[in-house]
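What follows is a short report on a single structure.
No experiment lies behind these values; they were computed from the predicted model shown.
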Amino acid sequence: MKKFETGGEIKQYHVGLLAAITMVFSLVAAGAYGVEEMVPACGPGMTIVLLLVIPFIWGLPMGFVSAELGGARPVEGGYYKWVQEGLGEFWGFQSNWWRTCSCYIGNAESIVLASGYIGMALELNQTETYILRVALVILLIGLNIRGIGDVSVVTRFFILLVLTAFGLIAILGFVHWNNNPFDPFVPEGMGLLEAAASGIIIGMWMYSGYESLSTVAGEIKQPQVIPKALVIAIPLIVATYVLPITGGLASIGQWENWSTDPSAPVGYHTVLTNYLGSWTGIVFLFISAGAMAALCNAYIATSSRGFFTLSHDRLAPPILVKVSKKRGVPYVPILIMGAVDIIMCQFDFTAIVVIDVFFFMTSYIVIYIAAIRLRKTIPDEERTFKLPVSDGVFTVICIVPIILAVCALFVNGADYFIGGVIGLVSGPVVYVFWKRRYGGLAVIDPDHYPLNPRTKLGQGDLRRIGNLCLMLATVGLAGRFFLPWYEAGGESYYDETYGMNQMFDTFMWVLTAATIILYAAAIILLRAGKKIDR
């Protein structure tokens, strides 16, 4: 048992290497779902190339960072505590808030997909489907309240089924090779850069999540198993993405008709039904539902710890740090996540997900910056794993995905861009409110985290918030010039999507206003910081 100053006792469970590997796998992939959307968006050849390239410039770097810092700092909260140690209280809060919000938003999507697969097999109506969603949430919340041990057992069961199913799909696809899976490389009339931009966001999303298991390191008796699991899971995930889609395209073709929609004419299930019979399609739907449930299950376990650790550091309401006496589990954040899932899984996610990409991308940027700094400050004797490269090479490994993330933010669409910029402002706003109300780390360690008596924030926080506003305003300004050029000729998409005329112009007006407000806030805060934060 590990005693927390502001909560009860959090229980530690035995999680073996296989269980840790399956949890990492479920947090990142949970199967090859999502690749189907890349194929018609950027072409079959480009899809396969991106799936092979993105892990080296996006997935592997975070895997290496998580392995290094997870071995050196195997603590509850994981990446949040890494950023806090490397960059301080304010940036630690931002990374935790942004990534946790991203997971809360995205988690309900797994419930929707799981219920969609089951509903397709059982022909459920809309009301029955929503009841199923609520039942799934209650089931998974109950499982998580029992502790990380039970979560790992159930996750392992479902992921082994998923790996078996996709392995069979890959084998059948290669055995019945009829087409060139790289033809066409990109859709007709689409350039290489345009095609890559169309698929890179999906690919980056699919190779994200390697840091998530670190948040429950304090509940694992031997947390050093996490770096080992990461090293093994990374190539397994790449193979799970590349082999089934290559085999599927080689055997079935019809690249323009692939989709994640269970009712779509072509998907992974088509390979099974074509060569093994229609009954296998039904079985695959249930396995797919299990995969989405496993993904949701693992994210409830890891994401709920975000607010738990903030509460432990007095940066969130104290009720969030409560731990069950019998199971030693922080049950309040888990229950809140369940309530959020029940509410959100009844909606269309088009409007909600617009800020999701920005949330997780920016949290990754902060984690990479912290990793660069901690590479130099954490002694080697405190590490259980260290990538055998120089600090300079490690810095490059971290900078490449930072550049990729920044570029990706601009090519995801005007609605995603504006929603993301505005959504990120929630981080400093909530920080100011909770820091002033609960005191933050100044209550726990006032010598290292002194308060400014005039602002009741940390020393230098005004300037940090001002710098964040300045960075967001600069990003907004760049988007204001880039997006009209990038979206030229495609503005009608927004009119059709949102059912309003001149919607793109409206987005640009909102972006202009937000940029001006952010620049004004940055100037005011930075000037005030010079006078007050001394």
Side-chain angles (χ1 to χ4, degrees), residues 21-39 41-42 46-70 78-79 98-99 102-103 106-107 109-110 159 162-163 166 195-214 226-227 229-246 260 291-292 294-295 298-299 302-303 353 356-368 371 387 397-409 411-412:
I21 293 170
T22 55
M23 286 192 70
V24 172
F25 183 88
S26 66
L27 288 164
V28 178
Y33 309 101
V35 179
E36 307 99 312
E37 298 297 334
M38 293 179 68
V39 176
C42 61
M46 179 63 77
T47 295
I48 297 172
V49 170
L50 287 176
L51 290 175
L52 290 171
V53 172
I54 291 176
F56 290 98
I57 59 177
W58 178 255
L60 276 173
M62 182 53 69
F64 288 142
V65 165
S66 299
E68 274 206 8
L69 297 181
Y79 62 85
W98 290 334
R99 188 67 179 110
S102 170
C103 293
N107 196 56
E109 290 179 311
S110 301
I159 294 306
V162 168
L163 286 173
F166 279 103
S198 299
I200 197 167
I201 289 291
I202 301 175
M204 292 171 69
W205 180 272
M206 290 167 55
Y207 281 111
S208 298
Y210 290 104
E211 81 294 344
S212 297
L213 189 59
S214 68
I226 297 178
L230 286 165
V231 172
I232 297 172
I234 289 172
L236 178 63
I237 290 167
V238 174
T240 303
Y241 284 153
V242 173
L243 297 180
I245 195 63
T246 303
T260 54
M292 293 301 100
L295 176 64
Y299 265 110
T302 57
S303 304
V353 175
D356 196 3
V357 172
F358 254 69
F359 272 142
F360 95 81
M361 291 278 194
T362 47
S363 67
Y364 268 39
I365 291 172
V366 176
I367 293 170
Y368 280 124
L387 192 65
I397 289 174
C398 292
I399 288 177
V400 170
I402 290 175
I403 295 173
L404 184 63
V406 172
C407 293
L409 296 177
V411 299
N412 207 36

Closest approach of [X] and [Y], non-hydrogen atoms and distance?
| X | Y | value |
| --- | --- | --- |
| Trp58 | Ser208 | NE1-OG, 3.0 Å |
| Gly199 | Met38 | O-CE, 3.5 Å |
| Met204 | Ala408 | SD-CB, 3.7 Å |
| Tyr368 | Met62 | OH-N, 3.0 Å |
| Leu236 | Thr240 | O-OG1, 2.7 Å |

[X] vs [Y] side-chain heavy atoms within contact, under 4.5 Å:
| X | Y | answer |
| --- | --- | --- |
| Tyr207 | Val238 | yes |
| Ile234 | Pro55 | no |
| Arg99 | Phe360 | yes |
| Pro61 | Val400 | no |
| Leu60 | Ile397 | no |

Spacing of [X] atom [atom1] and [Y] atom [atom2] [to the nearest 0.5 Å]:
| X | Y | atom1 | atom2 | value |
| --- | --- | --- | --- | --- |
| Ile200 | Cys42 | CD1 | SG | 10.0 Å |
| Leu51 | Ile237 | CG | CD1 | 12.5 Å |
| Leu52 | Thr47 | CG | OG1 | 11.0 Å |
| Tyr241 | Thr246 | OH | OG1 | 14.0 Å |
| Ile365 | Ile399 | CD1 | CD1 | 12.0 Å |
| Trp98 | Ile367 | CH2 | CD1 | 11.0 Å |

